[in-house]
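Shown next, in C-alpha cells, is the structure this report addresses.
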Amino acid sequence: MTAPIAIENVRPEINCGRYPAKTIEGQDFYVSAEIFKSGHDLVYAVLKYRKKGKRRWNIIPMDSNPNDIFTAKFKTDGIGFYEYTIEAWKDSYGSLLKDIQSWYNAGENVEEDLKVIMEIIKYSYNNSRGG
C-alpha cells in the first residue's frame with residue numbers, strides 16, 4: 001500500500017478559499033504548499049491553473065525546497081478570476097536515482113542497478129505513446 005501524500009498550508013489562500021487572492025496583471029503569482037509523505041521517497045508536484053471558465057489547465061512543475069515546501073509561479077494574461085490546484089505523487093524514478101547515487105557515493109557497485117533502470121526505461125518507452 002502506498003502512503004498518502006499530504007498537501008497542506010497552500011498559499012495564497014484567504015479564509016479557506018472563500019475570497020480570491022489578488023495580483024496585478026502581468027506580474028508573477030506565487031503559490032506555495034507543504035507537500036510530504038512518510039518514508040524516504042521523493043515527491044513530485046505540479047501547479048495547475050486556468051482562467052475561470054476555461055476548460056484547459058496550464059500545468060507547471062513545482063520546485064522542491066527545504067522543509068517539504070514546494071513553490072511555483074505563473075503570470076496572469078488578463079483581468080479576471082483564475083483558479084489553481086496542486087497535484088502531487090511519489091516520484092519513483094527520482095527516488096531510484098537518488099538511492100543509486102547514495103549507493104555509488106558509498107562505494108558500492110551499481111552496475112546491475114543501472115541495467116535494471118535501463119530495462120525499466122525501455123519497457124516504459126515501449127508501452128507508452130512513444131513506442
Side-chain angles (χ1 to χ4, degrees):
M1 183 170 155
T2 303
I5 295 175
I7 301 175
E8 298 179 348
N9 299 318
V10 176
R11 289 189 170 81
E13 182 247 15
I14 301 170
N15 203 4
C16 297
R18 289 188 187 108
Y19 301 103
K22 294 182 181 181
T23 189
I24 297 172
E25 182 180 358
Q27 288 193 353
D28 290 334
F29 184 80
Y30 292 88
V31 177
S32 67
E34 293 176 33
I35 304 174
F36 56 92
K37 66 180 286 307
S38 63
H40 72 281
D41 292 320
L42 299 177
V43 173
Y44 188 82
V46 295
L47 173 67
K48 296 171 65 175
Y49 71 94
R50 65 183 175 191
K51 194 166 190 174
K52 195 161 184 153
K54 299 282 185 180
R55 290 180 47 121
R56 186 175 170 274
W57 289 95
N58 299 293
I59 302 172
I60 55 176
M62 296 188 79
D63 295 322
S64 175
N65 299 286
N67 298 322
D68 301 320
I69 304 293
F70 283 73
T71 57
K73 64 182 178 181
F74 65 92
K75 286 190 189 301
T76 57
D77 61 0
I79 297 173
F81 291 96
Y82 289 77
E83 50 194 359
Y84 62 90
T85 188
I86 295 171
E87 291 183 4
W89 54 90
K90 175 182 147 183
D91 183 0
S92 298
Y93 181 70
S95 296
L96 181 59
L97 290 179
K98 181 184 83 166
D99 289 344
I100 289 175
Q101 181 68 46
S102 67
W103 299 332
Y104 177 80
N105 290 342
E108 295 182 32
N109 183 346
V110 295
E111 186 175 338
E112 290 302 315
D113 299 294
L114 294 174
K115 287 179 184 176
V116 170
I117 287 178
M118 287 307 299
E119 290 303 315
I120 292 170
I121 291 171
K122 287 177 189 175
Y123 175 83
S124 298
Y125 177 79
N126 289 331
N127 290 289
S128 70
R129 288 179 266 152

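Between Y49 atom OH and I59 atom CD1 the span is 10.5 Å, to the nearest 0.5 Å.
With contacts defined as side-chain heavy-atom distances shorter than 4.5 Å, the pair I69/E34 qualifies. At least one side-chain heavy atom of E83 sits under 4.5 Å from a side-chain heavy atom of W57. Side-chain atoms of L96 and S92, non-hydrogen and from C-beta on, never get closer than 4.5 Å to each other. Annotation: side chain of D68 is not in contact with side chain of I35 (no heavy-atom distance under 4.5 Å).
No chain of hydrophobic side-chain contacts below 4.5 Å, direct or via other Ile, Leu, Val, Met, Phe, Trp or Tyr residues, connects Y30 to F70. Criterion: ILVMFWY side-chain heavy atoms under 4.5 Å apart, direct or through other members. Under it, I100 and I121 are part of a common hydrophobic cluster. Using a 4.5 Å cut-off between side-chain heavy atoms of Ile, Leu, Val, Met, Phe, Trp and Tyr, with links allowed through other members, W103 and Y93 fall into the same hydrophobic cluster.
Ring geometry for F74 versus Y82: interplanar angle of 30 to 60°, hence tilted.
Around NZ of K98, the count of heavy atoms belonging to other residues, nucleotides or ligands within 6.0 Å exceeds 12. Atom CG of N15 is surrounded by more than 12 heavy atoms from other residues, nucleotides or ligands within 6.0 Å.
The backbone N or O of G94 lies less than 3.5 Å from a partner atom in the side chain of D91, making a donor-acceptor pair. No donor-acceptor pair closer than 3.5 Å links the side chain of K75 to the backbone N or O of E25. Side chain of K51 to backbone of I79: a donor-acceptor contact under 3.5 angstrom is found. Panel note: side chain S95, backbone L42; a donor-acceptor pair is recorded below 3.5 Å.
E111 has a carboxylate O that lies under 4.0 Å from a charged side-chain N of K115, or vice versa, which qualifies the two as a salt bridge.
Under 3.5 Å, the side chains of N58 and Y84 contain no donor-acceptor pair of N or O atoms. In summary, the side chains of N65 and T71 do present a donor paired with an acceptor at a separation below 3.5 Å, with no hydrogens or angles considered.
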